[in-house]
Amino acid sequence: MNKYTVAFIALNFFLKNAPGQHLKEASINQVGVGVGYQHSYLKDDNFSPLNQAGGGLATSARYQRISKNVFGVNFQFSSGNIHSGPTSGFTTSFINANLELEYLFKLTPDENAFQFFLGPANSTRVLYLDWYDLEAFSYVATHGVGIKGMVSKHIKEKHLLQATLSLPVFQLLARPPYNGIDEFIIENQDSPANIIFSGTPSSLNDFFALGLCVDYKYKLTERVAWHTNYSLHMQTVMATNRFKSLSNTVTTGVAVNF
């Protein structure tokens with residue numbers, strides 16, 4: 001074996017095990033953060049028959065472990081004010097938080113231009129409303145499992161576009177029976193988790209929600225990408241004291257592979 005053969009074998013071994021190539025074949029851990037704005041529309045019959053609209057600051061954090069399948073943890077938090085009426089009366093502050101765990105199975109071969117994923121997602125979403133100076137509040141909290149699908153497409157080498165759609169399957173719904181404080185809330189005011197997780201099982205006749213997310217990534221380096229995310233979430237409570245909300249959120253930030 002001459003020196004050229006040895007050099008060729010060594011070069012071939014290095015290329016197969018180089019860091020960039022290794023990232024494509026092995027699992028990738030990715031953490032991303034973002035900041036932006038959320039604009040919401042809602043109608044809460046617990047308080048008023050009027051429609052309300054407004055928005056506030058939104059932040060997001062995300063962890064993904066990407067191999068053949070995708071495991072992810074997504075968190076989004078926003079807060080601000082919404083108003084109703086021609087004079088922006090009935091000002092309401094809101095807090096909107098969502099925590100989701102997902103495990104998506106890859107359904108398509110690696111060589112396909114579009115990659116499709118499908119799997120279960122477990123989420124907890126809390127929307128809290130506080131009417132200033134009126135000693136009144138309302139909330140909608142849901143937690144349970146759903147189904148989530150994702151489509152992913154690389155556009156040239158540095159551009160990645162992903163879109164997800166999620167629907168609830170089984171949810172526990174927590175909502176006060178009327179506007180303000182009742183005996184249960186008074187008893188558990190020092191344990192807000194008891195209030196949030198006190199929900200009852202709901203069916204599609206009681207509650208429906210839909211989540212849509214579109215994420216664009218631009219690769220800055222081998223390990224750092226800039227991303228912009230748009231998400232839409234709609235939920236409706238059809239039981240007593242009907243509730244509807246629609247939120248649009250845009251965030252931008254960075255994602256890091258390791």
Side-chain angles (χ1 to χ4, degrees), residues 38-55 58 60 72-80 82 84 92-104 118-131 136-150 163-185 188 191-213 230-249:
Q38 180 177 98
H39 191 270
S40 297
Y41 303 89
L42 68 86
K43 180 179 180 181
D44 187 349
D45 286 350
N46 258 353
F47 177 71
S48 170
L50 297 176
N51 295 320
Q52 295 182 297
S60 65
V73 181
N74 307 304
F75 178 72
Q76 188 179 86
F77 179 88
S78 60
S79 63
I82 53 177
S84 62
T92 306
S93 67
F94 74 88
I95 294 175
N96 197 350
N98 180 40
L99 176 64
E100 180 185 61
L101 281 73
E102 63 189 16
Y103 193 88
L104 308 180
L118 185 67
N122 184 288
S123 65
T124 293
R125 179 177 288 271
V126 180
L127 175 59
Y128 174 80
L129 307 167
D130 189 357
W131 287 278
F137 63 86
S138 183
Y139 62 87
V140 175
T142 60
H143 35 278
V145 296
I147 187 168
K148 186 171 186 177
M150 180 174 74
T164 62
L165 179 68
S166 57
L167 296 169
V169 175
F170 174 79
Q171 298 285 307
L172 294 177
L173 172 65
R175 176 153 164 80
Y178 51 84
N179 186 8
I181 300 176
D182 62 9
E183 184 177 351
F184 173 77
I185 293 176
N188 293 274
S191 303
N194 292 343
I195 299 174
I196 293 173
F197 290 97
S198 65
T200 57
S202 63
S203 67
L204 292 178
N205 294 325
D206 305 319
F207 172 80
F208 178 77
L210 179 148
L212 173 67
C213 179
Y230 166 76
S231 63
L232 177 148
H233 185 266
M234 180 272 290
Q235 59 181 346
T236 301
V237 178
M238 283 81 77
T240 305
N241 300 333
R242 192 177 180 93
F243 176 90
K244 294 181 179 179
S245 74
L246 176 69
S247 62
N248 297 275
T249 308

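Numbering of residues begins at 1 and proceeds along the displayed sequence.
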Report the C-alpha distance between Ile147 and Leu118 in whole Å, list the side-chain angles of each, state the deciding distance to 0.1 Å, and finish with yes or no for side-chain contact (heavy atoms from CB on, under 4.5 Å).
-> CA-CA 7 Å; Ile147 187 168; Leu118 185 67; 3.9 Å; yes
Less than 4.5 Å apart, side chain to side chain, heavy atoms only: is that true for [X] and [Y]?
X: Leu210; Y: Leu165; answer: yes
X: Leu99; Y: Asn74; answer: no
X: Thr92; Y: Gln52; answer: yes
X: Val237; Y: Phe208; answer: no
X: Leu129; Y: Phe243; answer: yes
X: Thr164; Y: Lys148; answer: yes
X: Phe170; Y: Pro201; answer: yes
X: Thr236; Y: Arg242; answer: yes

Report the C-alpha separation of Phe75 and Val73 in whole Å, then their side-chain angles, then the decisive distance to 0.1 Å, and conclude whether the side-chain contact (heavy atoms from CB on, under 4.5 Å) test is met.
-> CA-CA 7 Å; Phe75 178 72; Val73 181; 5.9 Å; no
Nearest 0.5 Å, what's the [atom1]-[atom2] distance between [X] and [Y]?
X: Ile95; Y: Ser78; atom1: CD1; atom2: OG; answer: 9.5 Å
X: Leu172; Y: Thr200; atom1: CG; atom2: OG1; answer: 7.5 Å
X: Gln76; Y: Arg125; atom1: CD; atom2: CZ; answer: 6.5 Å
X: Ser202; Y: Met238; atom1: OG; atom2: CE; answer: 8.5 Å
X: Ser245; Y: Asn96; atom1: OG; atom2: CG; answer: 7.5 Å
X: Asn98; Y: Ser60; atom1: CG; atom2: OG; answer: 11.0 Å

Residues Arg175, Asp44; criterion salt bridge (Lys or Arg N to Asp or Glu O under 4.0 Å); working and verdict = CA-CA 11 Å; Arg175 176 153 164 80; Asp44 187 349; 2.7 Å; yes
Measure the acute angle between the ring planes of His39 and Tyr41, then classify it against the limits of 30° and 60° as parallel, tilted or perpendicular.
->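 Perpendicular: the ring planes of His39 and Tyr41 meet at over 60°.
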Compare every heavy atom of [Y] with every heavy atom of [X], then report the nearest pair and how far apart it is.
X: Ala141; Y: Val126; result: CB-CG2, 4.1 Å
X: Leu104; Y: Gly119; result: CD2-N, 3.7 Å
X: Gln171; Y: Gly144; result: NE2-C, 3.4 Å

Take Tyr139 and Leu127, measure what side-chain contact (heavy atoms from CB on, under 4.5 Å) needs, and give me the verdict at the end.
-> CA-CA 6 Å; Tyr139 62 87; Leu127 175 59; over 6 Å; no
Could you walk me through whether Leu232 and Leu246 pass side-chain contact (heavy atoms from CB on, under 4.5 Å), step by step?
-> CA-CA 7 Å; Leu232 177 148; Leu246 176 69; 3.9 Å; yes
For Ser40, enumerate each residue passing the side-chain contact (heavy atoms from CB on, under 4.5 Å) test, keeping only those at least two apart in sequence or located in another chain.
->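 Counting only residues at least two positions away or on another chain, Ser40 forms a side-chain contact (heavy atoms from CB on, under 4.5 Å) with Gln38, Ser247.
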